[in-house]
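All remarks here apply to the structure that follows.
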Amino acid sequence: MTASTYHGAAETIHGLLLYKGAEADVVRGEWQGLDAVYKIRKPLKYRLPVIDEAIRRQRTVREAEMIRSAKDAGVPSPFLYCVDVPTSTLVMEFVRGERVKDLVERLSQEKMADTFFEFGQGAARLHAAGMMHGDLTTANLVRRDGTLVFIDFGLSIRTTRLEDHAVDLRLIKETLFGAHAEAAEPALEALLRGYTSVAGPGRSRAVQKQLHSIERRGRYARII
Amino acid sequence: MRGYILGVESTAHTFSVSVVSSDGRILSNAKSVYKPPEGSGIHPFEASQSHLAAAPGVLAEAVDRSGVPLGDLSAISYAMGPGLGPCLRVGAVVARTLAASLGVPLVPVNHAVGHIELGCLLTGAKDPVVLLVSGGHTMILAYSGGRWRVLGESLDLTLGQLLDQFGRHHGLASPCGRAIEEAASTSTSYLRLPYAVKGNDVSFSGLLTASKLLLDGGRSFSEVSYSVQETAFAMVAEVTERALAFTGKKEVMVVGGVAANRRLSGMMSEMAERHGASVAMPPIEYSGDCGAQIAWTGWLAYKSDIKVPIEDSQVLQSWRLDRVDIPWRS
């Protein structure tokens, strides 16, 4: 972590750079005396400004809406303190806890099954509320005491399409096999059980079937 | 283990033979590239006929240039897939014949793994996030647990197909990448095109349709080329950046035919800089399809005791990269 100075949300903040993501820098600081994170979508130099500005603005506004909608759906998400569109900055609650990505290695089999079951439930609740998270990786889940908090709604959209919900599950699967290959099979199994417990067997089967169909579209996938 | 290996590549438009040494020296890399008529793409049968005609000359050139007597070869490797069936079979026949007549093992190589391993050899990359962009692939990969894992990919067209199909619509012959890059470099007028990033995957089909419509509507080839490049490359750079941020790795390597594009490599450098990561790009001569990728990867596989009896040495038109065990990296 490095100390940084950022110009955002109509004030200069001094804080710790927590995470330099692909899309945004996440800086820990203070907002009105509260422990906060600033999510600042800085211009990406490699993109043309005309492409870049539209994407940053659109994703910032949408993310704010989606964070609120997740709560309505019963999925824990951070509290939003401030939305500053000109600097494409969101100020929100700092979620005190540990990312599931960093936890996975240390979890017992039982705890891991519980965590991924809950992950699957949350995903299904978002889908049932007509949303797609868009970036469901283990880095975007924080274990805080007893609850699993979903963060980073930067790619979330409002959608009831089977295809979009299946894309959500596909990313989870890609991440599991990509970053946690050893734990992937049981984790995925627990996740799908959690998903089915909320979505119901019919919808869950339909989404998984669609997921399979997406995977077959991948280049050189074996068509069985 | 020391020695020499000969590798045969024939998955698509390129028929190429190369000899490499166990210490990673590329002693020869002869090739013949099939050129389709203007306005069209690779016809698999026509390409295979071109490969058949070129094979004896390319093979002789590769062996002569290497200075390695045939009797000193430890093994023969060939691209078993993925690729176009008729083309793959030409390379397989050449490789089987050589292995049988020399009495040495035959080593099957996955063409895409070949791009990655040759890239690592030439650039010194150790544990990179790989962007593989060609006519056959658009994938973001990282090594983990014995295999190259796919962290993101195109859900429809590959980046190479996007450029080729767009170029062909304008009347060019595949591969069109270089002509598009040249045309794009003369424009700075951006026309809005669909930017489709879904999770960690990209989709180019809408972008292709929209760019064809712009050409049909009278927009110049250079301004549409510029807009296609800026949009498609930014999408690819974004998902690569996401994979880099997620894995926390410190190297990015770009391989495959489209890696030769300077705008793409420029974008990748700017992206990687933000994360304090380095960018590795193999020399242009080796970024596209070539025998060296099959020979070098064949050597790594041969050292790990991977070989196939001649009677089982089939070709696999569909052979996904993440289904290939990579024992030499574990």
Side-chain angles (χ1 to χ4, degrees), chain A residues 19-26 42-52 54-55 58-59 101-102 132-140 154-157 159 163-164 166-184 214-223, chain B residues 81-83 112 136-142 144-147 149-156 158 188 190 192-193 195 197-201 226-227 230-231 233-235 237-247 266-271 273-276 316-323:
Chain A
Y19 181 66
K20 200 176 181 77
E23 266 212 276
D25 289 351
V26 178
K42 299 211 292 183
L44 295 181
K45 269 193 303 177
Y46 62 79
R47 266 195 313 229
L48 282 185
V50 55
I51 301 178
D52 190 53
I55 290 174
Q58 181 195 40
R59 288 186 185 165
K101 182 189 178 194
D102 306 321
M132 168 200 191
H133 183 281
D135 199 9
L136 278 179
T137 69
T138 47
N140 287 335
L155 286 180
S156 303
I157 53 169
T159 170
E163 166 87 8
D164 292 330
V167 167
D168 251 356
L169 293 192
R170 173 178 155 77
L171 183 64
I172 299 176
K173 209 172 156 185
E174 268 181 341
T175 322
L176 282 177
F177 284 90
H180 315 292
E182 288 80 17
I214 295 172
E215 286 171 336
R216 296 201 319 180
R217 271 178 248 157
R219 295 294 285 190
Y220 310 121
R222 274 303 173 81
I223 297 156
Chain B
H137 289 86
T138 294
M139 282 181 171
I140 296 96
L141 304 139
S144 158
R147 289 188 180 187
R149 308 286 174 171
V150 178
L151 292 168
E153 65 181 307
S154 173
L155 294 171
D156 39 54
T158 65
T188 52
Y190 180 74
R192 181 145 287 195
L193 287 168
Y195 184 97
V197 171
K198 299 182 179 184
N200 229 28
D201 297 324
Y226 173 75
S227 308
E230 290 300 322
T231 312
F233 294 173
M235 283 162 58
E238 181 182 344
V239 290
T240 310
E241 181 169 17
R242 298 166 73 77
L244 190 65
F246 181 79
T247 59
M267 268 197 207
M268 297 303 287
S269 301
E270 283 181 63
M271 180 277 285
E273 197 183 308
R274 262 170 55 80
H275 297 272
L316 297 172
Q317 297 181 52
S318 293
W319 188 18
R320 229 175 120 80
L321 175 56
D322 57 2
R323 301 179 72 97

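Quick note: numbers below take in every heavy atom, side chains included, and nothing from hydrogens, waters or symmetry partners. The chains referred to below are lettered A, B, ... by the order of the sequence lines, with proteins before strands, and numbering in each begins at 1.
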Report task. Check whether A:I214 gets within reach of chain B through its side chain, its backbone, both or neither, counting any heavy atom under 4.5 Å. Result -> side chain
Query raised in the report: So which part of A:I157 gets closer than 4.5 Å to some heavy atom of chain B, the side chain, the backbone, both or neither?
Result: neither
Query raised in the report: If you measure from CG on A:D164 to NZ on B:K198, what distance do you get to the nearest 0.5 Å?
Result: 6.5 Å
Requested in this report: Look up atom OG in B:S269 and atom NZ in A:K45, then write down how far apart they are to the nearest 0.5 Å.
Outcome: 10.5 Å
**Report entry** Basic-acidic side-chain contact under 4.0 Å: B:E238, A:R59
**Finding:** yes
Quick one: does [X]'s side chain get under 4.5 Å of [Y]'s, heavy atoms only?
X      : Y      : value
A:R170 : B:L155 : yes
A:I51  : B:M235 : no
A:D135 : B:R242 : yes

Query raised in the report: Can you tell which of B:A243, B:P82, B:S144 has the highest number of heavy-atom pairs within less than 4.5 Å of chain A?
Result: B:P82
Query raised in the report: Do you know which of B:L193, B:T240, B:T158 has the most heavy-atom pairs with chain A at a distance under 4.5 angstrom?
Result: B:T158
Report task. Apply side chain to side chain contact (heavy atoms under 4.5 Å, CB included) to B:R274 and A:D25, showing your working. Result -> CA-CA 11 Å; B:R274 262 170 55 80; A:D25 289 351; 4.2 Å; yes
**Report entry** Pairing residues for A:P43 by the side chain to side chain contact (heavy atoms under 4.5 Å, CB included) criterion, not counting sequence neighbours
**Finding:** A:D52, A:R56
Query raised in the report: By side chain to side chain contact (heavy atoms under 4.5 Å, CB included), which residues pair with B:R147, not counting sequence neighbours?
Result: B:R149, B:R323, B:D325
**Report entry** Exercise: identify the closest heavy-atom pair between A:E182 and B:G145
**Finding:** OE2-CA, 4.3 Å
Query raised in the report: Is there a donor-acceptor contact under 3.5 Å from the side chain of A:K101 to the main chain of B:F246?
Result: yes
